[in-house]
Amino acid sequence: MSAPTDRPAAANFVSDLVVADNAQGTFGGRVQTRFPPEPNGYLHIGHAKAITVDFELAREFGGQCKLRFDDTNPDTEDTTYADAIVDDVAWLGYTVDEPVYTSDYFEQLFRWAEMFIEQGLAYVDEQDGETISAQRGGYGNPGVESPHRDRPSEESLDLFRRMRDGEFADGSKVLRAKIDMQHENMQLRDPVMYRIRSGHHHRTGEAWKVYPTYDWAHGQSDAIEGVTHSLCTLEFDSHRPLYDWYLDQLARMGELPFEQPRQTEFARLELTHTVTSKRKLLQLVEQGLVDGWDDPRMPTLRGLRKRGYPAESIREFCSFIGVSRTNSRNEIELLESFVRTRLNRVAQRRMAVLRPLEVVIDNWPVDDSGAPVVEQVELVNNPENADDGTRTAPFSGRFWIEQDDFMAEPPPKYYRLTPGREVRLRGAFFVTCVGFDSDDDGNVERVHVTYDPETRGGNAPDGRKVKSTMHWVSADHAVDISVALYERLFSAEVPGEATGDVFDDLDANSRELLTECKAEPSLADVAPGDVVQFERLGYFAHDADQPRLFHRTVGLRDEWANIQKRKG
RNA sequence: UGGGGUGUGGUGUAAUUGGCAACACGACAGUUUCUGGUUCUGUUAUUAGGGGUUCGAUUCCCUUCACCCCAGCCA
């Protein structure tokens, strides 16, 4: 297990608990956790929090954390998911020696179940699911005991073994714990321990016909592995008494190889403008509302990776937001701020123009053959990191700027190019707008400027100042690229809050693909998967597979956009 | 309807367990700057409501309210 987070984990109620346990010698000073995903879907940002909490807690106290697949339901699970999960956990920065599987313990779990039956703690129920559910009662009204509840244990044992041998149809029988049908906690009203499933299991194949339920499998798996602190999300709070009950019985029978593990719940991560429900994410993919699990708009780890989010910033975010029992929803802006902070430090700068507007320098010199002179100007790769050095870019008499960077009739506080105004072209020259051409509809087609040869490199010898510095790309040397811009997949902070249906808040235009973008030649050197900053625009990730396609990871903070927004 | 959990700025998390409510994000106003980025500075809260104990309450007690979870042979 690695230890990748830069800063130490912040203290929280869970680490406080461990400190208290260690002080009392509860687990002999041992700390062991596990991250227990079910291999039936891809990991998302919510899992990233759980992973961080599980792994970092173990790291903080010198213990270990295992990746355990909670694979107790053959109907929904698949090795494709399991492989992807291993890959995603590794990408996040946590290395796992060898994942473990709940299915590794099926034999032990079965033997313990037999012991429960022998001791009158479990019985085979032959009623159908609907009946069992109806008999469970409701909030405030007690349940009804099954007619099979007090059958002889020999009979249950025989039935249970024949269930395993595949003698009975799916759903025809279950093994139930015999606890208390009147219990105020519904989880304790004779919960199901085993059900019959004839499907193919991703690891055990056809070997088993009965499968343990989550509740029967989870705590026991923890116990087998020597987990001390079994961390899970809040909705399992009402399961804790059951978790303890199973383990108490085994402890009484002297079956536990380690100290009895304890479950502790914490709030899951919710983010504004996104959904993390597995079902909703599956719907997005299956209905073709996104391009797949790795669509850069998805909150999946694969999506965020493709989008260009550094794993470190996801980890830092997860550590920073803390661990508590309060249901909460973090603003996506906070995550983005961690992404920006990191990328600002590590991403090299490049110049690219997304919506090109042609600019011609009317007084640019030509050489002896009558061709425009080409100058090579030097540009800093990253002002935040001198080690990244410099690069050169060609500059000649014709270049591209953003359409946004020129206005024939500028509003107040507009600093960019406008008739009569002088601006700096980053690293190159000062230019002054002397006019522009428009088409018949009045659209600006081309801007004319003159340049000051004395300002080469971007400084005026007379010290005169300029209101704005703009990026540019030499028209004769530009590399053509495509850029995918992303807005939030869900426009509402809390998707579905207004209508009850999250898909009502889906933004159908959340991706805009620009195919006629112009970039400086050195962009060709950006490796697949690398993230660079397009100056003044934002951070962009080079697609890992498709050359010259860039995904906008996150935009720069944009004061001008804020000013415009305020003005309406 | 029974049980369980949780309430601290716009958001999330803290507060040496009774002693000046802190940090980050966002927003706003400035500063710096060859990125309207970055940097730096300032502003942004009587701790869900009400009552009580106390010199003193986010913290202890009582009470009211709000939100979340539980009636899968999902996890």
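The structure presented is a predicted model; accordingly, all values stated were derived computationally and were not measured. So that the names make sense, note that chain A is the first sequence line, chain B the second, and so on, each numbered from 1.
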Euclidean distance, atom NZ of residue Lys49(A) to atom P of rU13(B) [Å, nearest integer]: 7 Å

By side-chain contact (heavy atoms from CB on, under 4.5 Å), Asp387(A) pairs with (sequence neighbours left out) Asn385(A)

What is the separation between atom OH on Tyr243(A) and atom C1' on rA75(B), rounded to the nearest whole Å? 15 Å

Side-chain donor-acceptor distances from residues 133-145 of chain A under 3.5 Å, at least two apart:
residue, atom, partner, partner atom, Å
Gln135(A), OE1, Gln127(A), NE2, 3.0
Gln135(A), NE2, Gln127(A), OE1, 2.8

Nearest-angstrom distance from the residue atom CZ of Arg342(A) to P of rG37(B): 22 Å

Output yes when at least one side-chain N/O atom of Thr72(A) is less than 4.0 Å from OP1 or OP2 of rC74(B), else no. no

How is Glu38(A) classified with respect to the nucleic acid when contacts are heavy atoms under 4.0 Å: base, sugar-phosphate, or nothing? sugar-phosphate

Distance check: side-chain N/O of Arg536(A) vs OP1/OP2 of rG36(B), anything under 4.0 Å? yes

Report yes if a side-chain nitrogen or oxygen of Ser133(A) is closer than 4.0 Å to either non-bridging phosphate oxygen (OP1 or OP2) of rG72(B); otherwise report no. yes

Would you say the side chain of Tyr139(A) and the base of rG3(B) hold a donor-acceptor pair, judged only by whether the two atoms sit under 3.5 Å apart? no

NA contact type, Arg426(A), heavy-atom cut-off 4.0 Å: base, sugar-phosphate, or nothing? base

Could you check whether Gly538(A) gets within reach of a base, just the sugar-phosphate, or nothing at all, counting any heavy atom under 4.0 Å? nothing

Respond yes when some side-chain nitrogen or oxygen of Arg329(A) is under 4.0 Å from OP1 or OP2 of rU6(B), and no when none is. no

NA contact type, Glu270(A), heavy-atom cut-off 4.0 Å: base, sugar-phosphate, or nothing? nothing

Please give, in whole Å, the distance from rA75(B) P to Leu242(A) CG? 13 Å

Check RNA chain B against residues 167-187 of chain A and give the residues with a non-hydrogen atom under 4.0 Å, in numerical order. Gly171(A), Val174(A), Glu184(A), Met186(A), Gln187(A)

Gln348(A) atom CD is separated from rU35(B) atom C1', nearest whole Å, by 16 Å

Taking any heavy-atom pair under 4.0 Å as a contact, classify Arg189(A): base, sugar-phosphate, or nothing. nothing

C1' gap between rG52(B) and rU44(B), integer Å: 33 Å

Rounded to whole Å, NE2 of His218(A) lies from P of rA75(B) at a distance of 11 Å

Which part of the nucleic acid does Glu265(A) contact within heavy-atom distance under 4.0 Å: base, sugar-phosphate only, or nothing? nothing

With heavy atoms under 4.0 Å as the rule, sort Arg240(A) into base, sugar-phosphate or nothing. nothing

Using whole Å, report how far CG of Asn344(A) lies from P of rU33(B). 18 Å

What interatomic distance, in whole Å, is found between P of rC62(B) and the corresponding atom of rU6(B)? 16 Å

C1' atom, rA21(B) versus rA57(B): distance in rounded Å? 12 Å

Who are the salt bridge (Lys or Arg N to Asp or Glu O under 4.0 Å) partners of Arg176(A), not counting sequence neighbours? Asp125(A)

Under 3.5 Å, is there any donor-acceptor pair linking the side chain of Gln564(A) to the base of rG36(B)? no

CD/Glu520(A) to CD/Glu535(A) distance, rounded to the nearest 0.5 angstrom? 8.5 Å

Answer yes or no: does a side-chain N or O of Ser238(A) lie under 4.0 Å from OP1 or OP2 of rG3(B)? no

Testing the 3.5 Å rule here: is there a donor-acceptor pair between the side chains of Arg342(A) and Ser313(A)? no

How far apart are the C-alpha atoms of Tyr309(A) and Leu335(A), what are their side-chain angles, what is the distance that settles it, and do they pass the side-chain contact (heavy atoms from CB on, under 4.5 Å) test? CA-CA 10 Å; Tyr309(A) 278 38; Leu335(A) 208 208; 3.6 Å; yes

Residues two or more places apart in sequence or in another chain: which of them pass side-chain contact (heavy atoms from CB on, under 4.5 Å) with Ala48(A)? Ile45(A), Leu92(A), Leu301(A), Ile314(A), Cys318(A)

Residue pairs passing the salt bridge (charged side-chain N to carboxylate O under 4.0 Å, His left out) test where at least one lies in residues 33-51 of chain A, sequence neighbours excluded: none

Can you tell me which stems RNA chain B forms when a stem means 3 or more consecutive Watson-Crick or G-U pairs under 3.5 Å? B:2-7 with B:65-70, B:10-13 with B:22-25, B:26-30 with B:40-44, B:48-52 with B:60-64

State which residues pass ring-ring contact (aromatic ring centres under 6.0 Å, His included) with Phe236(A); sequence neighbours excluded, sorted by chain then number. Tyr214(A), His239(A)

Taking for each residue the nucleotide of RNA chain B with the nearest heavy atom, is it Asp237(A) or Asn327(A) whose nucleotide lies nearer the 5' end? Asp237(A)

Over all strands shown, is Phe236(A) touching base, sugar-phosphate only, or nothing at heavy-atom distances under 4.0 angstrom? base

Pick base, sugar-phosphate or nothing for Leu234(A), based on heavy-atom distances below 4.0 Å to the nucleic acid. nothing

Counting side-chain heavy atoms from CB outward, which of rA75(B), rG36(B), rG37(B) is closest to Tyr415(A)? rG36(B)

Remember a base hit wins even if backbone is also touched, and classify Tyr414(A) as base, sugar-phosphate or nothing at under 4.0 Å, heavy atoms. base

Tyr194(A) ring center within less than 6.0 Å of Tyr211(A) ring center: no

At 4.0 Å (heavy atoms only), tell me whether Val466(A) reaches a base, stays on the sugar-phosphate, or touches nothing. nothing

Summarise how protein sits on nucleotides 23-30 of chain B as a single string, 5' to 3': B when a protein heavy atom is under 4.0 Å from the base, S for sugar-phosphate-only contact, - for no contact. -SBSSSS-

Work out how far the C1' atom of rG7(B) is from that of rG42(B), and round it to whole angstrom. 31 Å

Short side-chain N/O contact to rC74(B) OP1/OP2 from Arg279(A), under 4.0 Å: no

Assess whether a salt bridge exists between Glu422(A) and Lys467(A), defined as any Lys/Arg side-chain N lying under 4.0 Å from an Asp/Glu carboxylate O. no

At 4.0 Å (heavy atoms only), tell me whether Arg325(A) reaches a base, stays on the sugar-phosphate, or touches nothing. sugar-phosphate

Looking at every strand, decide which applies to Asp128(A) at a 4.0 Å heavy-atom threshold: base, sugar-phosphate, or nothing. base

Atom pair distance, as rounded to whole Å: CD1 in Ile563(A) and P in rG36(B): 11 Å

Looking at residues at least two apart in the chain, or sitting in another chain, which of them share a ring-ring contact (aromatic ring centres under 6.0 Å, His included) with Phe490(A)? none

Distance check, C1' atoms only: rA29(B) and rU47(B), in whole angstrom units. 27 Å

For Pro383(A), report the nucleic acid contact type (base, sugar-phosphate, nothing); a contact means any heavy atom under 4.0 Å. base

With Tyr246(A) via ring-ring contact (aromatic ring centres under 6.0 Å, His included) - residues at least two apart: Trp216(A)

Cation-pi geometry met for Arg164(A) and Phe110(A) (6.0 Å, 45°): yes

Under the salt bridge (Lys or Arg N to Asp or Glu O under 4.0 Å) test, which residues partner Glu333(A), sequence neighbours left out? Arg488(A)

